[in-house]
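See structure below.
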Amino acid sequence: MATHKSAEKRARQSVKRNAVNRARLSVLRSAVKRAEQAISGGDAKAAQEAVKKAERELARGASKGVVNKKTASRKTSRLSAGVRSLKAKK
């Protein structure tokens, strides 16, 4: 356990940041999951809305350091490709 005053503060901050980052990651994953379900559902308009929200969450997660920037970019790209393929089928 931390014994110095600064180390105790660092431990408290770490617990708070961990909780915030877990919440952000949960929101991000949920948004991506909803977008993937909308794409697999086949409704292009609903999928586009869901992907738009997921992109926003991915960008925010990347800027906050919850996920790697390139991971967010890759997921965004794949979701966009899914929406494009839906539009192409029509």
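To the nearest 0.5 Å, atoms CD (Glu57) and CG (Leu25) are separated by 11.0 Å. Interatomic distance, Thr3 OG1 to Glu8 CD, rounded to the nearest 0.5 Å: 7.0 Å. Atom CZ of residue Arg74 and atom NZ of residue Lys70 lie 10.5 Å apart, to the nearest 0.5 angstrom. Distance CG/Leu58 to CG/Leu79: 7.0 Å, rounded to 0.5 Å. In this structure, Arg78 CZ and Lys75 NZ are separated by 8.0 Å, a value rounded to the nearest 0.5 Å. Rounded to the nearest 0.5 angstrom, Leu28 CG and Lys33 NZ are separated by 12.0 Å.
Thr71 contributes no side-chain N or O that, together with a main-chain N or O of Val67, makes up a donor-acceptor pair within less than 3.5 Å. Between the side chain of Ser30 and the main chain of Ser26, a donor-acceptor pair closer than 3.5 Å is present.
Counting only N and O atoms by type, the side chains of Ser80 and Glu55 include a donor and acceptor under 3.5 Å apart. No side-chain donor from either of Gln37 and Arg34 sits under 3.5 Å from a side-chain acceptor of the other.
Between Gly82 and Ser85, the shortest heavy-atom distance links the atoms O-OG, 2.7 Å. Minimum interatomic distance between Ala38 and Ala50 (heavy atoms only, all atoms of both residues): CB-CB, 4.0 Å. The heavy-atom pair separating Ala47 from Leu86 by the smallest distance is CB-CD1, 3.8 Å. The minimum heavy-atom distance between Ala54 and Ala35, with the atom names listed, is CB-CB, 4.0 Å.
Looking at heavy atoms from C-beta onward, Gln48 lies in side-chain contact with Lys87 at the 4.5 angstrom threshold.
The number of heavy-atom neighbours closer than 6.0 Å to CZ of Arg24, taken from other residues, nucleotides and ligands shown, is above 12.
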